[in-house]
Amino acid sequence: GMIDNVFPASQAQLNMVMTQLKNLSYLTDDLYFLSLASAGQLKLSKNVFTINSVLKERVAWLKPQLEAAGMSISIEEGGPLHFIGDEFRLGQVFSILIENMLRYCSQGDRMCIRLEQTAQEIVLAFQDTGPGVAQDYLPQMFERFTRGETSRARDSGGSGLGLSIAKAICVAHHGTIKASLPAGKGLLITINLPLPAQGVAHR
């Protein structure tokens, strides 16, 4: 448009083009990530870390956005939950779920994150008080390019890849992620991460 003199070659127009280029770059990166995951070629950088700490770091990172939106997050935990996995990638999952809350919930909504550990697995439950989704949308939630605007009515933007990326990361850790509708309102997303056979320090 600028080349053909349809739009002025102004700083504002150039900034808009740059924003779109960045969005396309992010989309390309996300699709490449999912292609690797689908082909079983996703490489994880595994180490021992504490899930509580990673979760709290991600919540702290997004706290300014949560406060600006009038939303809050609480964490219910016991002792530290040690895990062997890719710290960055699991942190990415936590960010995706919190950003989903920011995208679809409204001022005054809350999210409670509960952490538990059994002898076999670590369970993380992310439950918000937002509008939830339609029951028939639940089976599609983790598919690529699906977005729940019909039931979560805000104009959210986004590519519709976030939850599919979260699922790919959980599956790469031999875990699961699922969504359900709790009693009342809101959305509950539960992550189950198996502990390795040799055992990780229990709380």
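Side chains included, hydrogens not; waters and symmetry mates left out as well; all remaining heavy atoms used.
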Please report the closest heavy-atom contact between [X] and [Y], naming both atoms and the distance.
X	Y	value
Leu161	Ser164	O-OG, 2.7 Å
Arg110	Met101	C-CE, 3.5 Å
Glu87	Asn47	OE1-ND2, 3.5 Å

Could you measure the distance from the [atom1] atom of [X] to the [atom2] atom of [Y]? Nearest 0.5 Å is fine.
X	Y	atom1	atom2	result
Phe94	Ile51	CZ	CD1	5.0 Å
Ser74	Arg114	OG	CZ	9.0 Å
Asn52	Phe83	CG	CZ	13.0 Å
Thr50	His82	OG1	NE2	5.0 Å
Met141	Leu163	CE	CG	5.0 Å
Ile98	Cys105	CD1	SG	12.0 Å

Please identify each residue that fulfils side-chain contact (heavy atoms from CB on, under 4.5 Å) with Lys56, with sequence neighbours left out.
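With sequence neighbours excluded, Lys56 shows a side-chain contact (heavy atoms from CB on, under 4.5 Å) to Ile75, Glu77, given in chain and number order.
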Under the side-chain contact (heavy atoms from CB on, under 4.5 Å) rule, collect the residues that match up with Gln65, sequence neighbours excluded.
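Checked Gln65 against side-chain contact (heavy atoms from CB on, under 4.5 Å); matches are Leu62, Leu102.
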Indicate, with yes or no, if [Y] and [X] share a hydrophobic cluster defined by side-chain heavy-atom contacts under 4.5 Å among Ile, Leu, Val, Met, Phe, Trp and Tyr.
X	Y	value
Val59	Leu115	yes
Leu138	Phe142	yes
Tyr137	Phe126	yes
Leu97	Trp61	yes

Do the side chains of [Y] and [X] get nearer than 4.5 Å, heavy atoms only?
X	Y	value
Leu195	Gln117	yes
Val133	Tyr104	no
Asp128	Asp109	no

Evaluate Ile113 against Ile73 for side chain to side chain contact (heavy atoms under 4.5 Å, CB included), listing each step before the verdict.
CA-CA 7 Å; Ile113 305 174; Ile73 289 181; 3.8 Å; yes
Do the side chain of Thr118 and the main chain of Gln120 share a donor and acceptor less than 3.5 angstrom apart?
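Checked: pair present.
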Run the side-chain donor-acceptor check on residues 173-194: report pairs under 3.5 Å with partners two or more places apart or on a different chain.
unit_1, atom_1, unit_2, atom_2, d
His173, ND1, Ile169, O, 2.9
His173, NE2, Asp86, N, 2.9
Lys185, NZ, Thr129, O, 3.2
Asn192, ND2, Glu121, OE1, 3.4
Asn192, ND2, Glu121, OE2, 3.1

Salt bridge (Lys or Arg N to Asp or Glu O under 4.0 Å) contacts in which one or both residues fall within residues 62-75, not counting sequence neighbours:
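Listed by first then second residue: Lys63-Glu67.
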